[in-house]
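Structure first, commentary second.
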Amino acid sequence: MLDMAEMLFSFDRKNYRECQDLFRGERDQEYYRGDFRIEDASVIDVRSERKAVGPISIIKQRSATNLSFRRTRQHIREDATDLSVLWFVKHGSLVFSNQCGNKVANPGDFAITRSMSPFFIECRTDSEAVHEVLHVTVPTHILRAHIAHDFSTGLFMPVARAEMAIAENILTDVFEDDGGLAEDSARTLVETALRLIGNAVKASDEAAPCRQTIADRRLAEVLRFIEVHLSDPQLSTAMVAKGCGISPRYLSFLLRLKGTSFSELVWEQRLEKARTWLSASDPRDISISEIAYGVGFKSPAHFSRMFKRVFKVNPREFRSEVHGGLLNPADGYEEVAEAPLLQ
């Protein structure tokens with residue numbers, strides 16, 4: 001099970017001058033090197049809690065006074081840790097400065113900062129003397145798989161998009177989990193949140209999107225209908241056309257816009273889903289024949305021939321390679337006549 005959140009650091013008037021030596025945690029492993037400072041004030045209360053999910057940390061930080069952090073080229077030379085920090089601002093503001101100028105994130109805003117470029121960042125309290133952020137430290141090579149945008153000098157945007165708000169909720173739920181969440185589940189949730197953030201950044205990067213045409217909407221309806229009914233061996237152009245309220249001729253036209261034909265699209269999807277199913281399932285639980293029927297093939301033999309034509313090995317050989325020779329005795333079916341092509 002995933003561990004509960006732990007205290008990364010806690011500072012008050014008694015120990016706040018030691019913040020530079022303690023902000024990276026007991027083992028000096030969180031974040032990266034830099035100059036951390038807590039502003040002297042009548043009330044000093046700075047708390048940072050951390051939940052580790054694999055190489056990623058979700059951190060909730062709350063402060064009653066202003067904080068600042070400086071990362072210089074000297075720090076980068078001494079510590080070349082390439083981490084990106086995703087910031088969700090709850091209270092107060094985040095003021096980020098580098099060679100490109102200043103950027104400000106207010107409550108409801110999202111930001112990304114990266115450790116490999118010099119910067120100065122201030123965490124300022126609001127009118128009620130509160131600064132609060134949820135931030136996530138991610139090795140940059142992991143984040144690059146989700147965000148192609150150049151964020152080396154900082155990226156700021158509102159959390160207004162639905163994807164971003166959902167991602168924030170997911171990360172908050174993982175952070176607040178009381179230890180009942182399995183490690184694999186937590187990793188899956190964090191991975192999903194990063195993908196959602198990547199989608200939101202990509203969407204905000206693009207110019208005003210083109211208006212969706214009637215053909216685009218019809219094509220989306222067709223693709224959804226096919227996916228829903230993929231396991232039906234009777235799936236045909238006539239069935240799809242009737243289900244979508246269009247003519248078979250118009251259906252062929254729509255699929256040509258996608259650069260495919262009905263048969264190619266359906267067989268491709270069925271084979272890909274079958275391959276995924278073969279990889280993920282225990283051979284002792286389900287036979288190849290059941291998988292073949294489950295994705296809409298009329299016969300296991302036809303499925304076997306088409307699978308080998310595309311993936312260069314038959315399903316039995318593929319399953320044996322994936323599962324180290326473990327096979328289901330029911331997989332030894334006989335060859336039968338090939339099923340007719342889709343019409």
Side-chain angles (χ1 to χ4, degrees), residues 8-9 23-25 27-36 48-61 67-89 94-105 109-123 133-159 161 163-164 166-168 170-172 174-175 183-184 186-206:
L8 180 61
F9 60 71
F23 79 92
R24 297 184 68 192
R27 295 179 295 278
D28 202 32
Q29 290 182 342
E30 199 62 56
Y31 299 115
Y32 34 73
R33 289 187 185 179
D35 297 324
F36 181 57
S48 186
E49 295 176 275
R50 164 186 176 269
K51 170 74 72 72
V53 182
I56 295 169
S57 290
I58 306 172
I59 298 170
K60 181 180 180 181
Q61 182 172 292
L67 315 172
S68 65
F69 185 85
R70 185 187 303 276
R71 173 98 162 150
T72 66
R73 294 196 182 279
Q74 180 62 33
H75 291 126
I76 295 171
R77 283 193 291 269
E78 294 173 353
D79 169 24
T81 302
D82 191 356
L83 279 181
S84 293
V85 182
L86 316 182
W87 304 80
F88 293 91
V89 182
L94 199 69
V95 183
F96 179 83
S97 307
N98 62 9
Q99 69 271 25
C100 298
N102 298 334
K103 299 176 183 177
V104 180
D109 287 343
F110 169 80
I112 302 178
T113 59
R114 186 182 172 197
S115 65
M116 294 306 287
S117 299
F119 65 85
F120 178 68
I121 199 164
E122 297 174 90
C123 301
V133 292
L134 181 76
H135 62 265
V136 185
T137 64
V138 187
T140 299
H141 69 273
I142 293 177
L143 190 60
R144 285 290 186 198
H146 304 283
I147 303 178
H149 186 290
D150 180 15
F151 50 86
S152 59
T153 56
L155 183 152
F156 285 61
M157 60 183 289
V159 189
R161 290 194 60 88
E163 298 98 328
M164 197 69 79
I166 293 171
E168 181 181 4
I170 290 173
L171 293 167
T172 300
V174 172
F175 176 83
E183 174 75 21
D184 285 348
R187 285 177 180 254
T188 298
L189 288 168
V190 171
E191 171 85 7
T192 299
L194 294 180
R195 290 182 65 182
L196 287 170
I197 291 169
N199 290 343
V201 171
K202 181 180 178 182
S204 68
D205 249 9
E206 295 170 348

Query raised in the report: Quick one: side-chain contact (heavy atoms from CB on, under 4.5 Å) partners of L189, sequence neighbours excluded?
Result: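 Expected list: I170, V174, L181.
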| Listed partners of N199 passing side-chain contact (heavy atoms from CB on, under 4.5 Å), at least two apart |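 Testing N199 for side-chain contact (heavy atoms from CB on, under 4.5 Å), a comparison that skips the adjacent residues, returns none.
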Stepwise side chain to side chain contact (heavy atoms under 4.5 Å, CB included) check, E191 with H146 = CA-CA 9 Å; E191 171 85 7; H146 304 283; 3.2 Å; yes
Is there side-chain contact between [X] and [Y], with heavy atoms separated by less than 4.5 Å?
X: R50; Y: F9; answer: no
X: D82; Y: H141; answer: no
X: K103; Y: T113; answer: no
X: R24; Y: F36; answer: no
X: M116; Y: T140; answer: no
X: V190; Y: V136; answer: no
X: S117; Y: N98; answer: no
X: M164; Y: F88; answer: yes

Q. Counting heavy atoms not belonging to R144, are there more than 12 under 6.0 Å from its CZ?
A.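 Enclosed: over 12 neighbouring heavy atoms sit under 6.0 Å from CZ of R144.
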Report task. Describe, in one word, how the ring planes of F69 and Y32 are oriented to each other, choosing from parallel (under 30°), tilted (30 to 60°) and perpendicular (over 60°). Result ->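 If you compare the ring of F69 with that of Y32, the planes turn out perpendicular.
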Nearest heavy atoms of [X] and [Y], plus distance in Å:
X: D79; Y: R71; result: O-NH2, 2.8 Å
X: E30; Y: S57; result: OE2-OG, 3.1 Å
X: F96; Y: G154; result: CE2-CA, 4.2 Å
X: R73; Y: P118; result: CG-CG, 3.4 Å
X: Q61; Y: H135; result: OE1-CE1, 3.9 Å
X: P158; Y: D109; result: CA-OD1, 3.6 Å

If the test is side chain to side chain contact (heavy atoms under 4.5 Å, CB included), which one of I59, I56, L86 qualifies with T137?
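Only one option passes, and that is I59.
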Out of curiosity, [X] [atom1] to [Y] [atom2], how far, rounded to the nearest 0.5 Å?
X: I147; Y: K202; atom1: CD1; atom2: NZ; value: 12.5 Å
X: F119; Y: R70; atom1: CZ; atom2: CZ; value: 10.5 Å
X: I112; Y: L143; atom1: CD1; atom2: CG; value: 5.5 Å
X: L155; Y: R114; atom1: CG; atom2: CZ; value: 13.0 Å
X: F110; Y: F156; atom1: CZ; atom2: CZ; value: 10.0 Å
X: E168; Y: E163; atom1: CD; atom2: CD; value: 13.5 Å

- Message: I'd like to know if the side chain of S48 and the backbone of L8 have a donor-acceptor N/O pair within less than 3.5 Å.
- Response: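 Flag not set: sc S48 to bb L8 has no pair under 3.5 Å.
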* **Residue pair C123, L94: steps toward the side chain to side chain contact (heavy atoms under 4.5 Å, CB included) verdict** => CA-CA 5 Å; C123 301; L94 199 69; 3.7 Å; yes
